[in-house]
Amino acid sequence: MSDPFDLDDDIPFDAPATPAAPMPTPWLEGLNPEQRLAVETTEGPVLVLSGAGTGKTRVLTTRLAHILMTRRARPWECLAVTFTNKAAREMRERIATMIGPVAENVWLGTFHSLGVRLLRRHAELVGLNSNFTILDTDDQERLLKQLMEAEKLDTKKWTPRALSGTIQRWKDRGLTPAKVDGGEAGEFAGGRAVQLYGQYQDRLRTLNACDFGDLLLHCLTIFQDQANADLLEDYQRRFHYILVDEYQDTNIAQYLWLRLLARKHKNICCVGDDDQSIYSWRGAEVGNILKFEQDFPGATVIRLESNYRSTPQILAAASGLIAHNTGRLGKTLRPGPATGNGDKVMVRGVWDGDEEARVVVEEMEALQRAGTPLSQMAVLVRAGFQTRAFEERLITCGVPYRVIGGLRFYERQEIRDAIAYFRVITQPADDLAFERIINLPKRGLGDATLQAMHVLSRAQSVPLVEAARLLCETDELKPKARGTLLRLLGDFARWRSLLGVMPVAELAGTVLDECGYVAMWKADKATGAEGRVENLKELVGSLEEFDSLGGFLEHVALVMDAEDKLNTDRVSLMTLHGAKGLEFDCVFLPGWEEGVFPHQRALGDNGQAGLEEERRLAYVGITRARKRVTILFAANRRIYNQWQSSAPSRFLEELPPSQVEVTSHQGLFGGRNTESSNWGTWNDAPQRWAKPAPVIDVTPHPSATSAGGFQAGDRVFHQKFGYGKVLAADGNKLEIAFDKAGTKKVIDSFVTAG
DNA sequence: GGGTCCCCGTTTTTT
DNA sequence: ACGGGGACCC
């Protein structure tokens, strides 16, 4: 990968037009007055409060284009920061279409990718080598566990995971071990949490590794050190204009980072929405956006309130709900010119989780018949486990869907294992990676061998790989283990010698073949093993795009999201958190019950603040919809296999009644619009919620040949359900009587002739 | 070094 | 219910 940032200051920058007064500014056309103000107020600190669907991204990109087109700054004098790779990519593309390839020279990226670039340049200032490794959470926790065990701590009472979390939160606040208030972690780890934090940082340094928090924290350390004042000034001088996306999600470390860089020119523009702050649990500090005007004196605050996404009913419902929060900067979404009138927000009470799924999928099918593409429908849940019931129902009804979130490609076990091999090749000192694969596939190098290596490694202060080599020169190991270890070390030496000689993809393939890792999965009869072999192939294939293994590893660490290339028409299932920034015509919001949403844990842990964040989550959910929102709540729900009756979410009462239409099955639910102003709870009046009549499947069952050529009577095979007989075919949908799984509807591309 | 049993936790997640 | 991890035994 080329590094545009290393091109530094001497790139010719040809703005398309020579500035002449008055300069034409076509890129400003079509902006509303507030948006235009946000774009044109280039000087000084600016806070753009942009509600959902008010054209935030457009403002950000246009602002950057405006700065460049009017030659206020050259591309490499602009810094644009986002949170996700997706947002960064989107912004880069949009800027490129507006101003052309010079856009590449803007410092544009996520906090972490920009942090990494700075840190690779100046790694030696914090005792690292510029080719440091970026650890994933697995590595972090394993490392902490080792440290805790060395301290004889009970890792069941105090889990490495919890300690990892504590350390991350400290890093989020820009605290190095020396800066943490000693008493802060209380009795955690016998009062030794801070000490462990220090040990952890030392260990990372010897491993030449960083965790995610370090990417920013080390930058801060460098910038805050008086000895590096010149360096800081260099960057301060460089960045004439700074743009920050999703400012409500920044943590304190990020805030300090920005403030340091903006100190000279003070042209910092932060865009965000305090009402969409839903990540406080991972260190985001709403306070950053709330006190922007104090932090950056003389700041201009601009509110974008004209919404181009949702119907007036949806906006009114969302606004009414969020108005229950305190401590807001305050903003009211107004329907913009483009939004038509729509239906009221539907609220629907159902008997249980199964009915909820049934009702939702039925409505989806009805909407589809009425012309809404499936890709314009989404089910947004509070927690991951809720998707299961919907998946099952969607499978049964043969409605294609995708689950967004969950395990990502690079988080799969086989991918992480493979990557550990690559890591040891590029960085022999990467003990964590070496430990991971030393006996994978099983080659008889167990605890005893590892133990001996650790002892030697510690005694000699050398990496494990080196300790292993030394160990092989002694008689300490049994001959068999010694032979195996020598062979492994020899393999690594050979693979390493191929670096830069053999194309990376080929090298990767060779490594995974020769070490026996692929063979291991090929020999595995368990379900999913073939899938893993496939994934490994895909991994090797994806390496084609890289010209160095190191570049690939950085990509893996920083760009975890693998773009979904499938453009098929599918319903989306995801968490409310995952839906932020997305929009759909029709949104389903199930599980609005006390304990589920607002979630019990959110209420317990943080009281009022926790509740308000849950409410913001609800606000995010509602404002994802363009045309239609359906909220559901169930009287009974099975949680951890235990049936519980539940009360409707308090958020339901907070929706403005005039914007809501309560519907119910079979007189299940009276609703306050027609009855009293009081919402009954399930517990108060269980007799009101008689079990509804079963839902009758009204989908036609024509018997014909499917698009894929299947017809009634065919024997087929399905990955999940096994063998079965086709009962009916309709377009690409088949109704199949499976031998074991019963009768289900599936899409014909999921089955093969059996 | 490998298999079995018990216990624990089970909100949200990017980088 | 269920999976992961650790302790324990062969």
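Below, read A as the first sequence line, B as the second, and so on, with proteins coming before strands; counting in each chain starts at 1. Being a predicted model, the structure only gives us computed values, none of them experimental.
Among the atoms of the strands shown, none is found under 4.0 Å from any heavy atom of Gly405(A). Across all strands, Gly444(A) comes closer than 4.0 Å only to sugar-phosphate atoms, never to a base (heavy-atom distances). Among the heavy atoms of the strands, none lies under 4.0 Å from Leu135(A). Nucleic acid contact for Asp447(A): sugar-phosphate only, since backbone atoms but no base atoms lie under 4.0 Å from a heavy atom of the residue.
Summarising the geometry, the separation between CG on Leu582(A) and P on dT14(B) is reported as 12 Å, rounded to the nearest angstrom. One can place CZ of Arg382(A) at 5 Å from C1' of dT12(B), the figure rounded to the nearest angstrom. Here dG1(B) presents its P atom at 12 Å from CD of Gln451(A), a figure rounded to the nearest Å. Nucleotide dT15(B) holds its C1' atom 13 Å from the CZ atom of Arg89(A), rounded to whole Å. The CZ-P distance, from Phe132(A) to dT15(B), rounds to 17 Å in whole Å. Put simply, CD on Glu593(A) is 16 Å from P on dT11(B), counting in whole angstrom units. In this structure, CG of Asn251(A) is placed 14 Å from P of dT15(B), rounded to the nearest angstrom. In this structure, CZ of Phe385(A) is placed 17 Å from C1' of dG3(C), rounded to the nearest angstrom.
Contact annotation: the side chain of Tyr279(A) approaches that of His577(A) to within less than 4.5 Å [non-hydrogen atoms, C-beta and beyond]. Looking at heavy atoms from C-beta onward, Val244(A) lies out of side-chain contact with Tyr255(A) at the 4.5 angstrom threshold. Looking at heavy atoms from C-beta onward, Glu285(A) lies out of side-chain contact with Thr250(A) at the 4.5 angstrom threshold. Residues Leu258(A) and Tyr247(A) are in side-chain contact: their nearest non-hydrogen atoms beyond the backbone lie under 4.5 Å apart. Between Tyr235(A) and Leu118(A), the closest side-chain pair of non-hydrogen atoms falls below 4.5 Å.
For dT14(B), neither phosphate oxygen OP1 nor OP2 lies less than 4.0 angstrom from any side-chain nitrogen or oxygen of Asn85(A). Thr110(A) has no side-chain polar atom (N or O) that falls below the 4.0 Å cut-off from OP1 or OP2 of dT14(B).
Looking at every heavy atom in both residues, Ala618(A) comes nearest to Leu321(A) through CB-CD2, 3.5 Å.
Proximity note for Phe212(A) (side chain, C-beta onward) versus dT15(B), dT11(B), dT13(B): the nearest is dT15(B). Relative to the side chain of Tyr640(A), the nucleotides dG2(B), dT11(B), dT13(B) differ in distance, and dT11(B) lies closest. When distances are taken from the side chain of Leu558(A) to each of dT15(B), dT12(B), dG2(B), the shortest belongs to dT15(B). Of all nucleotides listed (dT12(B), dT10(B), dT14(B)), dT14(B) comes nearest to the side chain of Arg282(A). Of the candidate nucleotides dG2(B), dT12(B), dT10(B), dG2(B) has the atom lying nearest to any side-chain atom of Lys442(A). With dT11(B), dT15(B), dT13(B) as the candidates, the nucleotide lying closest to the side chain of His112(A) is dT15(B).
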Taking N or O atoms only and anything under 3.5 Å, show me the protein contacts with nucleotides 5-9 of chain C, one pair per line.
from	atom 1	to	atom 2	distance (Å)
dG6(C)	OP1	Lys145(A)	NZ	2.6

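In this structure, Trp281(A) forms an aromatic stack with the base of dT12(B), since both conditions hold: centre separation below 5.5 Å and plane angle below 30°.
Annotation: of the two residues near DNA chain B, Thr449(A) and Ala557(A), the 5′-most nearest-nucleotide partner is Thr449(A). Taking the nucleotide of DNA chain B with the nearest heavy atom to each of Leu215(A) and Arg161(A), the more 5' of the two is matched to Arg161(A).
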Residues 210-220 of chain A side chain polar contacts: donor-acceptor under 3.5 Å, at least two apart:
from	atom 1	to	atom 2	distance (Å)
Asp211(A)	OD1	Lys171(A)	NZ	3.1
Asp211(A)	OD1	Gly213(A)	N	3.1
Asp211(A)	OD1	Asp214(A)	N	2.9
Asp211(A)	OD2	Lys171(A)	NZ	2.7
Asp211(A)	OD2	Tyr200(A)	OH	2.9
Asp214(A)	OD1	Lys171(A)	NZ	2.7
Asp214(A)	OD1	Gln201(A)	NE2	3.1
Asp214(A)	OD2	Lys171(A)	NZ	3.3
Asp214(A)	OD2	Asp211(A)	N	3.2

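For the side-chain contact (heavy atoms from CB on, under 4.5 Å) test, residues two or more places apart in sequence or in another chain that qualify with Arg173(A) are Trp170(A), Leu175(A), Glu184(A), Ile252(A).
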